[in-house]
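First comes the structure, then the notes that go with it.
Heads up: numbering here begins at 1 and tracks the sequence. Fair warning: this is a prediction, and the values are worked out from it, not measured in the lab. Computed from heavy atoms alone, side chains included, the values below leave out hydrogens, waters and symmetry copies.
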Amino acid sequence: MKHTQAFEGSTDLGADGSTGAESSRLVGSDRVLAVLKELARYPDGVGLEELTRVIGSPKPTVHRALGALRRAGLADQDVRGRYVLGDEFLRMAFAHHEARPEHVRIRPALEALAHRFGETSHYAVLDGREVVYRAKVDPPTGAVRLTSTVGGRNPAHTTAVGKLLLAQQLDTLDDVEAWIGSTPLVPRTPRTLCSATALHRELRITHERGYGADDQENETGVNCLSLPVYATSPTTPSGALSISALAYRTPLETLVGALDEIRAVLGPLGEAHR
């Protein structure tokens, strides 16, 4: 059985973070990039008709964008005539990803924790109002696995990693209100914290206890615990490690009860040196 619901590491937005109507206003290189980003959502390939519908631009325009991407090696067509990411794009992406020092250093801890708990582990960083997943390890066994992708995004306020990293930056209620700005926080589940007051209170608790928690706030039935990672600075977290689990299989209380064990696995990468 495969769990296909979205959770930490996936998003329901368009590939460029916009709706099809917004994408239709893209011109020139912006449209080419929108097509490239949309292709990344279809590992099995996508037809021109469907891509045109999703992008929201005329078919000849999308076809020209695909032609430009194919000439650059960033897109290709498979034997069925469906469009996929090109080998050159994959080469650049994997070369860049593997060269990131924090990805290489955190991998053993992710593998150990995925094996220990039988759940998915991630390494994520904060990017504005979202978190971006830089590394992921699935459990070695288990009939049900959660789906997520390296490079996937989620709202920071709904996730354990996001709240943990925000707690390092937003000290006061005024800070939280400024971070939210004029764009309201969107609820993902009935448990999502969407007011500045509630989020500020949660961030204070998170900072004091030293770990982040997502109690089915990003996805119903999924909880998560996160700890800071100091991979590039001795005083400022470069990102956060998380264990994302099916609530019925590994309750949040189980993860919290294993905090010392998780910290031991993380080792010096989880320790600030001030």
Note to self: Can a donor-acceptor pair be found, under 3.5 Å and without considering hydrogens, that links the side chain of Arg105 to the backbone of Ala231?
What the structure shows: yes

Checklist line | Hydrophobic cluster identity match, Val32 and Met92, side-chain contacts under 4.5 Å | finding: yes

Check: At what distance, to the nearest 0.5 angstrom, does CZ of Arg249 lie from CZ of Phe117?
Finding: 13.0 Å

Next item on the list: Specify the closest pair of heavy atoms between Leu193 and His157, including all atoms of both residues, with the distance to one decimal.
Entry: O-CD2, 3.3 Å

Next item on the list: Give me the one residue out of Arg188, Lys163, Arg191 that meets salt bridge (Lys or Arg N to Asp or Glu O under 4.0 Å) with Glu217.
Entry: Lys163

Item checked: Heavy-atom side-chain proximity of Asp175 to Gln169 below 4.5 angstrom -> no

Next item on the list: Supply the atom-to-atom distance Leu36 CG to Leu85 CG, rounded to the nearest 0.5 angstrom.
Entry: 6.5 Å

Notebook entry, point to check: Should Val161 and Leu199 be counted in the same cluster of Ile, Leu, Val, Met, Phe, Trp and Tyr side chains packed under 4.5 Å apart?
Noted result: yes

Checklist line | Min side-chain heavy-atom separation Glu50-Tyr42 under 4.5 Å | finding: yes

Next item on the list: Flag the pair Val125 / Tyr133 as yes when at least one side-chain heavy-atom distance between them is below 4.5 Å, and no otherwise.
Entry: no

Checklist line | Close side-chain approach of Lys136 and Thr149, heavy atoms under 4.5 Å | finding: no

Item checked: side-chain contact (heavy atoms from CB on, under 4.5 Å) evaluation trace for Val137 with Thr120 -> CA-CA 6 Å; Val137 175; Thr120 301; over 6 Å; no

Checklist line | Least distance between heavy atoms, Ala160 atom then Ser226 atom | finding: O-OG, 3.0 Å

Check: Using a distance-only test with no angle check, is there a side-chain donor-acceptor pair under 3.5 angstrom linking Thr159 and Asn218?
Finding: no

Check: Where is the tightest heavy-atom contact between Val229 and Leu241, given as atom of each residue plus distance?
Finding: CG2-N, 3.6 Å

Item checked: Side chain Thr52, main chain Leu48, donor-acceptor under 3.5 Å -> yes

Notebook entry, point to check: Which heavy atom in Ala156 sits nearest to a heavy atom in Leu166, and how many Å separate them?
Noted result: CB-CD1, 3.9 Å

Next item on the list: Examine the side chains of Ser238 and Tyr123 and answer whether a donor and an acceptor come within less than 3.5 Å of each other.
Entry: yes

Margin query: What I'd like to find out is whether the side chain of Lys59 reaches to under 4.5 Å of the side chain of Glu49, using heavy atoms alone.
Written below: yes

Next item on the list: Measure the OG1-CD distance between Thr158 and Glu130 for me, rounded to the nearest 0.5 Å.
Entry: 10.0 Å

Item checked: Closest approach of Asn223 to Asp215 (non-hydrogen atoms, all atoms of both residues) -> CB-CA, 4.4 Å

Note to self: Do Val46 and Val62 land in one hydrophobic cluster if side-chain heavy atoms of ILVMFWY residues count as linked below 4.5 Å?
What the structure shows: yes

Checklist line | Polar side chain donor-acceptor pair, Arg31 to Ser57, under 3.5 angstrom | finding: yes

Notebook entry, point to check: To the nearest 0.5 Å, how far apart are CD1 in Ile180 and CG in Leu185?
Noted result: 4.0 Å

Next item on the list: Would you check if the side chain of Arg80 reaches a backbone N or O of Arg82 as a donor-acceptor pair within less than 3.5 Å?
Entry: no

Next item on the list: Carefully, step by step, assess Leu51 and Ile55 under the rule side-chain contact (heavy atoms from CB on, under 4.5 Å).
Entry: CA-CA 6 Å; Leu51 194 57; Ile55 294 295; 4.3 Å; yes

Margin query: Measuring only between side-chain heavy atoms, which start at C-beta, is Val35 closer than 4.5 Å to Tyr83?
Written below: no

Margin query: I need the Leu252 CG to Asp214 CG distance, nearest 0.5 Å.
Written below: 8.0 Å

Next item on the list: Flag yes if Val256 and Leu113 sit in one hydrophobic cluster, no otherwise; membership is Ile, Leu, Val, Met, Phe, Trp, Tyr, and two members link when side-chain heavy atoms are under 4.5 Å apart.
Entry: yes

Check: For the side chain of Thr250 and the backbone of Ala245, is there at least one donor-acceptor N/O pair under 3.5 Å apart?
Finding: no

Notebook entry, point to check: Can you name the closest pair of heavy atoms from Gly45 and Val84 and give their distance?
Noted result: CA-CG1, 3.5 Å

Margin query: Taking the side chain as everything from C-beta on, heavy atoms only, tell me whether Leu74 gets closer than 4.5 Å to Leu39.
Written below: no

Check: Does Ser121 reach the main-chain N or O of Leu110 with its side chain, forming a donor-acceptor pair under 3.5 Å?
Finding: yes

Check: Counting N and O atoms only, with roles assigned by atom type, does the side chain of Glu119 sit under 3.5 Å from a partner on the main chain of Ala114, one being a donor and the other an acceptor?
Finding: no

Checklist line | Note, Arg64 side chain near Thr61 side chain (heavy atom, < 4.5 Å) | finding: yes

Item checked: Inter-residue atom distance Leu164.CG - Leu225.CG, 0.5 Å rounding -> 9.0 Å

Item checked: Sole candidate of His207, Glu202, His200, Arg201 that passes side chain to side chain contact (heavy atoms under 4.5 Å, CB included) when paired with Arg204 -> His200

Note to self: Heavy-atom count check: over 12 atoms from other residues, nucleotides or ligands less than 6.0 Å from Asp171 CG?
What the structure shows: yes

Next item on the list: Dump the intermediate steps for side-chain contact (heavy atoms from CB on, under 4.5 Å) on Val150 and Arg134, then the final yes or no.
Entry: CA-CA 5 Å; Val150 173; Arg134 292 273 183 87; 5.6 Å; no

Item checked: ILVMFWY cluster, Val186 and Val132 together (side-chain gap under 4.5 Å) -> no

